[in-house]
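Atoms within each ligand, like the ligands themselves, are counted from 1 in listed order. Along the sequence shown, residues are numbered consecutively beginning with 1. All values reported here derive from a predicted model rather than from experimental measurement.
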Amino acid sequence: MNVLIIVDVQNDFVPGGALAVSEGDQVVPVINRLQPQFDLVVATQDWHPANHGSFAANHPGKRIGEAIKLNGLPQILWPVHCVQNTPGAEFVRSLDTARVTRVFQKGTDPQIDSYSGFFDNGHRRATGLDAFLKERNVTEVSVVGLATDYCVKFTALDSVTLGFKTNLIEEACRGVNLKPGDVARALEEMRRAGVQIVGGVK
Ligand code: VGL
Ligand code: ZN
């Protein structure tokens, strides 16, 4: 069994959103076209409470893009984004969700961020995605969505570690590039870890 994991294709991560990824909207038609090739489709959703510790606004005097320690873990400070039950947290309207069998929400604990769809950034709590996939005898995972250098990367890296044959479909991902070259470095890091970087729609 293979699965397509659609990472964080939410309004705040596409142009016009609070943490807009350049060309983030362009992944949507590609992902819609890919979905029928998979036995199973799931999605992750960044789903923060308003008091989340990853928001610069919750750290007086700190700026967006600054690095801090949040409960002992390195944390980049972001604009307020993907707040639970706000339009920015909704999936992009044009994303076809008819075949999405389960949504895994992450980043709900105000004290810790969660880039991966599998675990929080401290690997303390599982989202249930690993168990869900193993119960369904999934052996091969393909990851798409936003953002290549954060949530997509950490989801793919955890997937490899958890024993899944893991592909990243480059054409169906876009990154933040907070620093120039971040996406290229993320792709290299994934490749070194055993993720197959594949071009696009077969
Ligand atoms: C993400 C930064 C903060 C992502 C989520 O989906 O890649 N990036 N929260
Ligand atoms: Zn977030």
Side-chain angles (χ1 to χ4, degrees), residues 4-28 31 42-59 62-71 73-92 95 97 100 103-125 127 129 143-159 168-170 172-179 181-187 189-190 195:
L4 182 69
I5 303 179
I6 303 171
V7 175
D8 298 2
V9 179
Q10 295 168 257
N11 290 326
D12 270 342
F13 294 126
V14 297
L19 211 175
V21 174
S22 171
E23 300 183 350
D25 53 330
Q26 293 187 20
V27 304
V28 175
I31 293 170
V42 301
T44 67
Q45 188 174 32
D46 214 33
W47 193 248
H48 298 306
N51 65 342
H52 198 261
S54 74
F55 298 164
N58 292 329
H59 301 271
K62 301 280 184 199
R63 288 184 316 273
I64 290 165
E66 256 185 77
I68 62 158
K69 277 267 162 73
L70 185 63
N71 279 302
L73 292 177
Q75 176 68 54
I76 295 170
L77 293 177
W78 301 108
V80 174
H81 66 278
C82 296
V83 174
Q84 296 170 4
N85 302 302
T86 66
E90 295 306 311
F91 291 124
V92 173
L95 178 70
T97 57
V100 174
V103 175
F104 293 86
Q105 295 178 328
K106 60 190 181 60
T108 56
D109 180 342
Q111 301 297 334
I112 191 163
D113 211 353
S114 188
Y115 292 149
S116 165
F118 290 98
F119 301 101
D120 62 58
N121 289 0
H123 274 232
R124 292 170 193 159
R125 241 178 23 207
T127 60
L129 176 55
V143 185
V144 294
L146 308 170
T148 316
D149 37 358
Y150 291 94
C151 292
V152 167
K153 178 181 92 169
F154 286 101
T155 300
L157 291 176
D158 278 343
S159 174
L168 180 107
I169 305 173
E170 192 177 352
C173 301
R174 292 293 188 281
V176 177
N177 269 328
L178 203 58
K179 287 199 297 282
D182 277 354
V183 167
R185 279 187 291 274
L187 291 173
E189 189 180 342
M190 287 186 267
V195 177

| said: Between Phe55 and His81, is the ring-ring contact (aromatic ring centres under 6.0 Å, His included) condition met? List the steps. | reply: CA-CA 8 Å; Phe55 298 164; His81 66 278; 5.2 Å; yes
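- Leu157 CG to Phe119 CZ: the interatomic distance, rounded to the nearest 0.5 Å, is 12.5 Å.
- The distance from atom OG of Ser114 to atom CD of Gln105, rounded to the nearest 0.5 Å, is 11.5 Å.
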Contact table, ligand 1 N/O with protein N/O, distance under 3.5 Å:
{"unit_1": "ligand 1", "atom_1": "6 (O)", "unit_2": "Asp8", "atom_2": "OD2", "d": "2.6"}
{"unit_1": "ligand 1", "atom_1": "6 (O)", "unit_2": "Leu146", "atom_2": "O", "d": "3.4"}
{"unit_1": "ligand 1", "atom_1": "7 (O)", "unit_2": "Ala147", "atom_2": "N", "d": "3.1"}
{"unit_1": "ligand 1", "atom_1": "7 (O)", "unit_2": "Cys151", "atom_2": "N", "d": "3.1"}
{"unit_1": "ligand 1", "atom_1": "9 (N)", "unit_2": "Asp46", "atom_2": "OD2", "d": "3.0"}
{"unit_1": "ligand 1", "atom_1": "9 (N)", "unit_2": "His81", "atom_2": "NE2", "d": "3.1"}

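- Between Gln111 and Leu70 the shortest heavy-atom distance is O-CG, 3.6 Å.
- Below the 2.8 Å limit, the Zn ion (ligand 2) has as protein N, O or S neighbours Asp46 OD2, His48 NE2, His81 NE2.
- Ring geometry for Trp78 versus Tyr150: interplanar angle over 60°, hence perpendicular rather than tilted (30 to 60°).
- Sorted by first then second residue, the side-chain hydrogen bond (donor to acceptor under 3.5 Å, both in side chains) pairs that include residues 5-15, not counting sequence neighbours, are Asp8-Thr44, Asp8-Lys106.
- For Val27, the side-chain contact (heavy atoms from CB on, under 4.5 Å) partners are Val9, Ile31, Leu146, Arg174, not counting sequence neighbours.
- Contact record, Val21 with Ala147: CG2-CB, 4.1 Å, taken as the closest heavy-atom pair.
- Summarising the local packing, CZ of Arg185 is surrounded by more than 12 heavy atoms from other residues, nucleotides or ligands at distances under 6.0 Å.
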